[in-house]
There are 2 protein chains.
Amino acid sequence: MKARPIVVQTSYREVFNQLEDAILRGELKIDEPLPTEAELCDILQVKRSTVREGIRLLEQSGLVTRNSARRLVVSAPDASRSSENIIRSVTLNKVTLEELWRVQRELEALASRLACDNISKPLLEALADNIEQTRVSRDDPKTIVKIDMEFHRLIAHASNNRALTLARDPLGLLLYASSDFVITRLAQSTDRLIAAHQRIYDSIAANDPENAAKWMLKHMDDFKRGCIMAGAVFDDPILDFVDIDVLSGLTEALRK
Amino acid sequence: MKARPIVVQTSYREVFNQLEDAILRGELKIDEPLPTEAELCDILQVKRSTVREGIRLLEQSGLVTRNSARRLVVSAPDASRSSENIIRSVTLNKVTLEELWRVQRELEALASRLACDNISKPLLEALADNIEQTRVSRDDPKTIVKIDMEFHRLIAHASNNRALTLARDPLGLLLYASSDFVITRLAQSTDRLIAAHQRIYDSIAANDPENAAKWMLKHMDDFKRGCIMAGAVFDDPILDFVDIDVLSGLTEALRK
DNA sequence: AATATCCGTTTGTCTGACAATGTGATATCA
DNA sequence: TGATATCACATTGTCAGACAAACGGATATT
């Protein structure tokens, strides 16, 4: 006999499903307040505790957020929400540095290529400023790591492609967080980093996608070489290279 | 005066934070059961309703799943969880077909390149079988769309890179779901699709990464051309091309 | 030893309650 | 009259306790 496993939904999950559906099909509009718990009890014919548990599922999906610690409003999940999820998934599933790097290498190349087309004055200035800051902080590894991360995020942002941002940001966060490992171990790496960023910047500023991508790829390859020279085993999980407490702080960095 | 906005945590969110932390730092081990609600009440000194709301947040993050509709077990979030999130984010934020395609193009090329190295016999056979099925279903657009989606997923899977899967799967799902639009409108598109898949398959089977990537890129470019010929405005949100009800069914397709 | 029965645990849901906080209406004052 | 202060209400967050259903394991039966 052929059969599907029997699945019974809990009521609170059904609450979630119905509300999610209503949001996706636009019956509950984004930026408008969610009905009050009492109203939902009425509509869905379950008690408040059940409604509340369903709402918690919505909340964690980013489909509702709170305006002013009070009334919940319907909202489109923002990128940081997905990032948190991916970061948890990557770390707990022990994805390796190699896997991460391999993907990120392509995404960064794409980002730098796309950035050429549309980059705005303010973003260009932010990039220049970022490189300047890197020079200033040359001797402070912790700060370098942050600024480096920001450099790449700025470029991805300049690509004006939200699908790219969505895929790239969480991976980038993890990858560059583990670059701490390299920078603290290899003195010369900071100078190479600055030189690479400068070349990438110049290419973008000159609206030269092919060179931007070329230098970015070199930069990424250099990153890998640095990791290995610093003694990183590229086939180990990233979790080995990133401090858990740093990790907790990472997600909030995304929200700005 | 300089100040940070005041943020007050609710208790249930604090429950979530503490449990998440415990899982990330390995104090609660993956595949072991979560403490019972009563135990958590004891540990965290809050009432059961509060504990339960916190657990719902965990549940939606994929950090706990249910074994047998009963006891919850701690778990690493699986890829489908992230996919759901990204899909919601992409659709509700009205990301365009162009953005999606641009990223997916690179990821598919990477996937086909990587697939060459490690592909296993069973996966190769599955690919061959997939192409055969496409031929058989040539005249059934709905089925073609599904099989096409599966073809690309198989290749991504063969890449043996979970970071790639994580980034690619949700985007692929959305992109190929909207290919329905092309296939139903352009009669000849199915034949081109089969030919392309065949070439990609041959390259992978011959362990020829460069050609695999080359044909994949051509295939992707062809996809775009097809969309435009079929009258799709590439700068419109994907939401316009995907039926909401299909969308709801999409995520469950991921879980297998 | 295999099967059937029973019982305690755990969860899902309900009921009801209350304090804190934000919101809008009303009253007060310049 | 218009701005401000006050108040009453609505809504949420949390508590307290209750109960039925389902599961898992222990015990009894064949």
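The chains referred to below are lettered A, B, ... by the order of the sequence lines, with proteins before strands, and numbering in each begins at 1. Heavy atoms only: backbone and side chains are in, while hydrogens, waters and symmetry mates are out.
- Annotation: salt bridge (Lys or Arg N to Asp or Glu O under 4.0 Å) contacts involving residues 10-23 of chain B, sequence neighbours excluded, comprise A:Glu59-B:Arg13, A:Arg88-B:Glu20, B:Asp21-B:Arg25.
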In a table with atom names and distances, give each donor-acceptor pair under 3.5 Å that connects a side chain of residues 122-131 of chain B to protein atoms at least two apart or in another chain.
unit_1   : atom_1 : unit_2   : atom_2 : d
B:Asp129 : OD2    : B:Gln133 : NE2    : 3.1
B:Asn130 : ND2    : B:Ile147 : O      : 3.1

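- As rounded to whole Å, 15 Å separates atom C1' of C:dT13 from atom CD of A:Glu14.
- We find that CZ of B:Arg71 is positioned 12 Å from P of C:dG12, with the value rounded to whole Å.
- Rounded to whole Å, the distance from CD1 on A:Ile55 to P on D:dG13 is 8 Å.
- Counting only heavy atoms from C-beta outward, the side chains of B:Thr134 and B:Asp148 never approach each other to under 4.5 Å.
- B:Gln9 has its CD atom 20 Å from the P atom of C:dA20, to the nearest Å.
- A 4.5 Å side-chain heavy-atom check between A:Leu19 and A:Val64 finds every atom pair outside the cut-off.
- Distances shorter than 4.0 Å separate none of the side-chain N or O atoms of B:Thr10 from OP1 or OP2 on D:dT12.
- Nucleotide D:dA22 holds its P atom 19 Å from the CG atom of B:Asn67, rounded to whole Å.
- Per the geometry, OH belonging to B:Tyr12 stands 16 Å off C1' belonging to D:dC15, to the nearest Å.
- Checking C:dT13, D:dG13, C:dG12 against every side-chain atom of A:Arg52, the shortest atom distance belongs to D:dG13.
- At a threshold of 4.0 angstrom between heavy atoms, the contacts of B:Thr36 are confined to the sugar-phosphate backbone, with no base atom among them.
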- For the pair B:Glu98 and B:Arg102, evaluate salt bridge (charged side-chain N to carboxylate O under 4.0 Å, His left out) and give the outcome as yes or no after the intermediate values. CA-CA 6 Å; B:Glu98 164 73 23; B:Arg102 183 71 71 182; 3.0 Å; yes
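- Atom C1' of nucleotide C:dG12 and atom CZ of A:Phe16 are separated by 18 Å, given to the nearest angstrom.
- For A:Arg66 and D:dG13, the shortest distance from a side-chain N or O to OP1 or OP2 is below 4.0 Å.
- Atom pair B:Asp42:CG and C:dT9:C1' shows a separation of 15 Å (rounding to whole Å applied).
- Dashed line: the shortest gap from a side-chain N or O of B:Arg56 to OP1 or OP2 of C:dG12 is under 4.0 Å.
- Note on A:Ser11: a side-chain N or O is less than 4.0 Å away from OP1 or OP2 of C:dT13.
- No contact: B:Arg13 has no heavy atom under 4.0 Å from any strand.
- The nucleotide whose nearest atom lies closest to any side-chain atom of A:Glu37 is, among D:dT12, D:dC19, C:dC14, D:dT12.
- Residue contacts for A:Ser49: at a heavy-atom cut-off of 4.0 Å it reaches a base atom on one of the strands shown.
- The base of D:dG13 lies close enough to the side chain of A:Arg48 for a donor and an acceptor atom to sit less than 3.5 Å apart.
- Here A:Lys47 does not reach the OP1 or OP2 of C:dT13: none of its side-chain N or O atoms lies under 4.0 Å away.
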